[in-house]
Amino acid sequence: VTATVTPTSPASNPTLTPVLVIGDPLVTKSVNPPFAIPGEIATWTITISNPGAAAIANVSLTDSVPDVVQIESVNATAGSISFNGQVVSFNIASLAPGQTITITIVTRVRANASLPFVAVNTAQLTSSSGSATASATLTGVSELPATGEPLDFVTRWGGFILLGVVTIALFLISTRR
């Protein structure tokens with residue numbers, strides 16, 4: 001609640017009029033990577049923030065994660081979070097003005113996932129001031145899209161490492177004679 005000062009006349013005392021400020025929490029969701037192959041980790045990130053000037057009470061979020069992935073772990077920077085089967089539940093009694101909470105859901109694409117698939121994952125947020133949803137999409141593929149980038153360290157540096165090991169081995173063999 002904030003107060004607005006309204007002068008009634010130059011000679012009189014001003015009147016205070018209370019104004020109720022109701023904030024709506026903002027929620028966003030993303031998944032990284034957006035394309036995945038069976039067995040690969042996909043991390044879902046949800047942010048909940050309060051851009052308003054007043055605290056928001058009774059903030060909760062429910063996320064029914066698609067069956068094509070298995071939940072490995074859940075984490076939140078504040079509040080309480082848990083999962084049961086494919087459903088993630090988050091609660092916090094009060095979201096302070098300017099506060100942002102990050103929820104991380106680590107999943108693994110099931111080895112028996114039918115490819116290709118498109119899994120749209122929507123989280124439902126409710127609070128004392130309203131509700132909101134946020135979605136992210138994971139696409140299952142048999143191979144990752146060509147980006148021009150190597151997949152990992154071994155792919156990028158494996159040839160140089162192998163060349164170095166062979167060079168050292170040849171040097172050691174030649175110095176023993």
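All residue numbers in this chain count up from 1 along the given sequence. Predicted, not measured: the structure shown is a model, and the values here were computed from it.
Not a single side chain to side chain donor-acceptor pair (under 3.5 Å) links Q124 to another residue, sequence neighbours left out. In this view, L26 and S49, P51 satisfy the side chain to side chain contact (heavy atoms under 4.5 Å, CB included) rule, not counting sequence neighbours. Every side chain to side chain contact (heavy atoms under 4.5 Å, CB included) that T122 has, sequence neighbours left out, goes to V120, T133, S135.
The distance from atom CD1 of I56 to atom OG of S128, rounded to the nearest 0.5 Å, is 7.0 Å. The CZ atom of F90 sits 11.0 Å away from the OG atom of S82 when rounded to the nearest 0.5 Å. Between atom CG of residue L95 and atom CG of residue N50 there is a gap of 4.5 Å, rounded to the nearest 0.5 Å. We find the CD-CD1 distance between Q70 and I41 to be 9.5 Å, quoted to the nearest 0.5 Å. Atom OG of S89 sits about 8.5 Å away from atom CG of L61, to the nearest 0.5 Å. Taking OG1 of T137 as the start and CZ of F35 as the end, the distance is 10.0 Å to the nearest 0.5 Å.
In plain terms, the two heavy atoms of P97 and A54 that are nearest each other are CG-C, 3.7 Å. Closest heavy-atom contact between S129 and D24: O-OD1, 3.1 Å.
Side chains of T47 and T28: a donor-acceptor N/O pair is present below 3.5 angstrom, by distance only. Judged purely by distance below 3.5 Å, without hydrogens or angles, the side chains of T104 and W44 never pair a donor atom with an acceptor atom. A donor and an acceptor atom, one from each side chain of T126 and S60, are located under 3.5 Å apart.
At least one side-chain heavy atom of T102 sits under 4.5 Å from a side-chain heavy atom of T45. Counting heavy atoms from C-beta on, the side chains of S131 and L125 never come closer than 4.5 Å. By the 4.5 Å heavy-atom criterion applied to side chains, I48 and T100 are not counted as neighbours. The shortest side-chain heavy-atom distance between N121 and V65 falls under the 4.5 Å cut-off. Contact check for I37 versus V141: side-chain heavy atoms found under the 4.5 Å cut-off.
In this structure, Q86 contributes its side chain and V69 its backbone to a donor-acceptor pair below 3.5 Å. The backbone N or O of D67 lies less than 3.5 Å from a partner atom in the side chain of R110, making a donor-acceptor pair. Side-chain N or O atoms of S94 include none that pairs as donor or acceptor with a backbone N or O of A96 at under 3.5 Å. A donor-acceptor contact shorter than 3.5 Å links the side chain of T107 to the backbone of A42. With E72 contributing its side chain and V106 its backbone, the two residues share no donor-acceptor pair below 3.5 Å. Put simply, the side chain of R108 never gets that close to the backbone of E40: no donor and acceptor are under 3.5 Å apart.
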For F117 and V109, run side chain to side chain contact (heavy atoms under 4.5 Å, CB included): C-alpha distance rounded to whole Å, both residues' side-chain angles, the deciding distance at 0.1 Å, then the answer.
CA-CA 11 Å; F117 66 80; V109 178; 4.0 Å; yes

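Cluster membership check: V87 does not share its hydrophobic cluster with I46, using side-chain heavy-atom separations under 4.5 Å among Ile, Leu, Val, Met, Phe, Trp and Tyr.
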